[in-house]
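Notes to accompany the following structure.
In what follows, every chain begins at residue 1, and chains take the letters A, B, ... in the order their sequences are listed.
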Amino acid sequence: MSQRIDIQKTYKLFIGGKFPRTESGRYIKWTDKKGTTVVNICRGSRKDFRNAMVSARSASNGWSSRTAYNRAQILYRVGEMLEGRREQFMAELTLQGLTNKQAENEINQSIDRLIYYAGWADKFQQVFSRVNPVSLPYFNFTLPEATGVVAAIAPDDTSLLGLVSIIAPVIAGGNSIVILASESRPLSSISFAEVLHTSDVPGGVINILTGYRSELIEHFSSHMDVNAIIYCGNNPDDQKLVETNAALNVKHVIQFPLQDWSNDKHQSPYHILKCQETKTTWHPIGV
Amino acid sequence: MTKKQIWDYSPAPESTDHIQLKDQYDLFINGEFIPAVDGKYFDTINPSNEKKIAEVAEAGKADIEKAVASAKKAYEKTWSKMHPKERGKYIYRIARLLQERAREFSVIETMDGGKPIRESRDVDVPLAAAHFFYHAGWADKLEYAFPGRATEPLGVVGQIIPWNFPLLMAAWKLAPALATGNTVVLKPAETTPLTAMKLAEIIQEADLPPGVVNIVNGAGETGKFLVNHGDINKIAFTGSTDVGKYIMKSVAGSGKKYTLELGGKAANIIFEDAPIDQAVEGIINAIFFNQGHVCCAGSRLYVQEGVADEVIAKLQKRMESLIVGDPLDKNTDIGAINSKMQLDKIKMYVKLGKDEGGKIHQTACSLPKKGYWFAPTIFTDVSQSNRIVQEEIFGPVLAIQTFRTVDEVITKANNSPYGLSGGVWTDKGSKIFKVTQDIRAGVIWANTFNKFDPSSPFGGYKESGVGSEGGIEGLSGYVNLV
Amino acid sequence: MGTINIQKTKSIDQVNTQERVSRLFSRSIKKESKMQALYLALSMIDLTTLEGKDSEGKVKQLCYKASHLHYKHPGLPYVAAICVYPPMVPIAKKELAGTGINVASVATAFPSGMADINAKLDEVKSVVDAGADEVDMVISRGRFLNGDYDYVSDEISQVKDACGKAHLKVILETGELVTLDNVQLASDIAMEAGADFIKTSTGKVSPAATPPVVLTMLEAIRDFQIKTGKKIGMKPAGGISTAKQAIQYLVMIKETLGDDWLSPNLFRFGASSLANDILMQIMKQSTGQYQSKDYFSID
């Protein structure tokens with residue numbers, strides 16, 4: 001009796017709601033610790049990043065002008081879909097070196113984090129808006145508003161939770177994002193894209209690339225249409241590069257050092273605010 | 001009946017006999033006025049007559065070392081240890097002393113910077129005092145500003161301010177920094193150092209602990225020493241986008257925080273259903289306030305086609321009633337351009353505007369012979385691709401375009417690397433919310449322009465800056481949330 | 001009924017108007033400029049008495065004062081006009097003969113305007129017959145607030161016809177119109193219908209002439225001139241009692257309408273006690289001493 005041959009998964013990029021291969025045709029051979037499973041990961045290029053930026057920009061206005069309630073529901077939906085795909089993520093996370101217990105925790109926390117930010121999507125603006133008592137006959141109010149397009153270098157030491165912890169507050173706040181997945185643990189990022197694909201997130205709002213940090217960080221940080229750059233990591237050269245390039249168009253720079261993302265203190269509405277602008281509006285009060 | 005004699009305003013100069021100015025100002029470091037280490041001084045002149053007012057010590061590297069060391073010591077030994085309530089009281093003192101000496105400060109501000117006394121008296125000085133007063137009260141209430149978090153100060157803050165609102169910018173910078181428990185080294189602009197030095201006198205008079213506020217004068221070099229000093233924890237800067245970018249690059253990798261208030265090229269949008277006469281007045285305030293030396297100036301005017309002729313005709317007529325001249329005259333609307341350098345830049349842009357085919361209109365006012373002056377100027381027949389439409393001129397020069405639809409004007413308004421402010425004039429409420437929501441800028445004035453208040457955050461999107469000043473958002477730039 | 005299609009089109013922003021007023025009023029008028037302004041303001045006064053208890057004697061006194069403002073200071077101008085109730089017109093006319101000072105009479109059931117149109121027209125004709133040079137009518141505010149702009153317009157046209165050669169000042173009674181939008185619309189209606197002057201108030205309703213209202217009316221006059229080429233006069237009335245206020249209004253006229261309007265032909269102050277305060281200021285300017293009211297006759 002002949003043995004059935006498994007269908008192996010092809011890991012592609014996630015750009016504009018679609019799953020293209022890298023335009024460069026290059027790949028990175030990813031091997032698990034045992035050396036038994038070998039996967040070809042797309043080695044995303046600067047052109048892939050450029051394409052992702054075009055998608056992210058065109059999706060940005062539509063996403064930010066959706067109602068907060070709608071964004072909240074979509075984030076919640078992402079959590080729901082992730083819940084339904086546990087087994088796939090269990091397999092990938094353990095393949096990437098986690099124990100079953102650790103993998104289960106990571107999935108649980110990722111889902112919970114999505115639900116946490118889903119809850120904030122229709123509240124943070126309320127909590128952080130204000131009416132300012134100006135000394136003039138004017139109604140004056142201030143509210144946070146999405147900065148636009150965010151480019152992010154995801155944490156490297158976690159495959160799923162780090163990715164989710166960066167993406168969720170950014171999109172809860174109405175931004176679109178292009179994120180470079182963990183270089184050493186890239187598998188779950190593309191599977192997460194599949195979750196996004198089936199959960200009503202409009203195409204282009206979240207774009208996920210895989211590839212080398214060292215190759216892409218320059219382009220992420222120097223692109224003139226990026227409004228904010230998130231860097232996760234402790235490499236001082238990277239940090240300096242990101243901050244220096246941010247000056248080209250005065251990007252916001254948000255940095256997260258290596259940290260245990262499973263700790264709940266790393267979820268906060270203040271993370272949403274990091275990718276928000278502050279808009280203040282004045283209007284006279286009269287008849 | 002004989003021909004009627006035309007009634008005109010006699011000169012109404014503000015008196016200067018009550019002000020106290022020294023011939024020479026030193027650096028204010030550790031609560032004392034001391035000369036620069038290398039003994040250098042530079043002149044500060046009155047731009048309306050090119051006369052020297054005083055000379056001011058120029059801080060070099062060694063002076064910055066001293067100032068930062070004094071700020072650091074004051075931070076560690078006194079200011080961060082003081083009960084916040086007491087910190088607040090010092091800031092209240094500064095506010096009160098400034099109110100008491102308001103007239104003197106107004107006169108000096110006008111002499112040193114060229115702005116009309118009407119503005120320094122009615123805007124700059126009272127708002128500066130209000131900033132201290134507002135922020136003083138925050139000192140012991142910070143726990144209410146950031147829900148769920150406690151705050152801690154950053155340490156020593158280096159602050160660099162521009163010449164367009166010298167005292168007011170000093171207040172914008174100092175008040176929140178002090179209220180949140182930081183100590184400061186402040187560098188005023190080299191063309192307008194005097195009111196900051198007078199403020200130093202007030203700070204001394206208020207008995208603020210030595211070193212909490214240090215004020216050092218000088219130009220770009222002095223600023224560089226400050227930005228690059230290793231013991232500075234944060235840079236707060238207001239000025240040009242170019243210098244802002246330089247600061248970002250300089251502090252890259254250093255862990256220093258920064259807030260930047262940079263340039264702008266604000267769109268001021270007039271719809272057909274706007275209250276036209278008030279909108280015309282709004283255009284005047286938007287571009288001619290402080291000679292147009294305003295980062296949030298409404299320098300791009302967009303008028304809906306149906307009212308364009310009426311608005312431009314009324315604007316030109318209104319411009320003729322602007323009184324240009326002696327900044328100390330209480331009836332002056334437009335004072336002197338702040339410096340020769342700035343005047344040259346304005347002239348360069350106006351020439352460019354003409355060369356690019358723009359149609360220029362200037363008021364018929366006569367300009368004084370001495371000093372730096374520029375007549376209120378508007379350009380029509382310009383488009384988005386003209387440099388005078390794209391770039392910040394920082395002078396009394398307005399570029400006017402017309403539009404037909406809401407979408408068109410929003411697209412044009414946002415078609416700029418800047419995003420500091422914007423204006424919209426319409427009588428229709430829902431349109432106001434639509435347009436104010438869609439304009440990508442930090443401060444939107446609907447049916448008004450150029451209004452400021454200490455409780456109202458001010459800051460820009462895109463290349464107009466990072467962070468806000470004023471209100472609760474302004475406090476957040478001076479604290480770590482823990 | 002009138003055929004003018006009148007509708008609300010333009011709007012006025014109250015807060016911005018107040019800010020513009022504040023800016024105009026912050027002008028500093030000193031020295032020769034102040035003296036010149038005081039003389040000018042005196043010459044623009046409609047010296048007014050509109051009391052139920054007005055007597056022949058009081059009107060005579062007022063007329064005397066109109067041409068003899070202050071004996072200590074020769075060379076003062078005459079006021080522009082005396083403004084009285086209809087029965088006082090013949091007396092005023094007689095007293096002022098030869099002075100060049102006009103006699104203005106309120107009419108059209110002043111101050112309420114609550115009367116039949118024919119009664120109003122009869123009253124206008126009778127004061128004109130009695131020699132009134134100027135007629136100060138009131139508009140029908142009830143009709144205006146009801147949106148019956150055609151009625152208001154038509155009424156003014158008819159009164160204008162009844163005036164003959166006499167100049168017509170149309171009182172909008174802005175205190176009852178409440179909003180600046182209404183003030184502007186009423187101004188437009190009055191000017192279109194033939195007003196020679198538009199006037200803020202009767203003085204019987206509070207608030208009377210407020211600076212934002214006056215500015216709004218001046219801007220309406222300016223726009224009317226742009227549209228038609230006609231120069232309409234302006235008369236704020238009620239609540240203007242100090243020289244300082246008068247000078248502030250002169251600044252407002254100068255910077256809104258221009259120098260042409262700095263003349264009694266196109267601008268008047270309706271006031272009863274303003275003249276004395278201006279006189280006190282003139283004395284102060286010329287003697288350097290602050291004055292007491294005891295030295296200026298009350299009429």
Side-chain angles (χ1 to χ4, degrees), chain A residues 57 60-71 120-149 172-175 227-228 249-250 252 269-270 272-287, chain C residues 7-26 139 141-142 144-147 149 172-189 200-201 205-220 236 238-239 248 252 256:
Chain A
R57 176 57 69 191
S60 166
N61 276 351
W63 181 242
S64 66
S65 57
R66 291 206 178 205
T67 65
Y69 177 47
N70 183 247
R71 285 202 303 269
W120 270 119
D122 56 1
K123 292 168 197 70
F124 80 93
Q125 204 176 39
Q126 195 171 30
V127 172
F128 295 99
S129 290
R130 30 209 145 238
V131 172
N132 307 304
V134 294
S135 307
L136 293 161
Y138 286 82
F139 188 74
N140 173 298
F141 60 98
T142 296
L143 46 84
E145 200 175 75
T147 189
V149 177
N175 300 285
N227 300 104
N249 64 332
V250 194
H252 296 282
Y270 290 97
I272 302 177
L273 289 187
K274 287 177 198 291
C275 289
Q276 297 289 305
E277 305 286 351
T278 299
K279 179 179 272 181
T280 299
T281 306
W282 294 70
H283 196 278
I285 302 170
V287 291
Chain C
Q7 54 188 5
K8 296 194 181 196
T9 49
K10 291 185 285 182
S11 67
I12 307 282
D13 185 273
Q14 185 191 26
V15 173
N16 282 276
T17 304
Q18 182 59 56
E19 285 175 3
R20 177 68 183 132
V21 164
S22 303
R23 182 158 174 185
L24 287 165
F25 282 12
S26 73
I139 66 164
R141 284 88 74 189
F144 180 91
L145 293 171
N146 204 17
Y149 307 130
L172 309 180
E173 196 64 300
T174 55
E176 290 185 348
L177 301 185
V178 183
T179 68
L180 297 178
D181 291 335
N182 280 345
V183 169
Q184 173 175 263
L185 179 59
S187 302
D188 286 347
I189 292 171
T200 59
S201 327
V205 164
S206 185
T210 66
V213 159
V214 176
L215 179 59
T216 300
M217 291 169 72
L218 294 177
E219 285 173 343
Q248 287 174 328
M252 191 188 270
T256 309

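- Looking at every heavy atom in both residues, A:P284 comes nearest to C:V15 through CB-CB, 3.6 Å.
- For C:A220, the side-chain contact (heavy atoms from CB on, under 4.5 Å) criterion is met by C:S187, C:D188, C:M191, not counting sequence neighbours.
- For C:F25, the side-chain contact (heavy atoms from CB on, under 4.5 Å) partners two or more places apart in sequence, or in a different chain, are C:V21, C:P211, C:Q248, C:Y249, C:M252.
- The contact between A:I285 and chain C is made entirely by backbone atoms, counting heavy-atom distances below 4.5 Å.
- Among residues two or more places apart in sequence or in another chain, the side-chain contact (heavy atoms from CB on, under 4.5 Å) test is passed with A:V131 by A:F139, A:F141.
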Table up the donor-acceptor pairs between chain C and chain A that sit under 3.5 Å, atom names plus distance.
| from | atom 1 | to | atom 2 | distance (Å) |
| --- | --- | --- | --- | --- |
| C:Q14 | OE1 | A:V287 | N | 2.9 |
| C:E19 | OE1 | A:Y138 | OH | 3.3 |
| C:E19 | OE2 | A:Y138 | OH | 2.6 |

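- Proximity to chain A is absent for every atom of C:L180, based on heavy atoms less than 4.5 angstrom apart.
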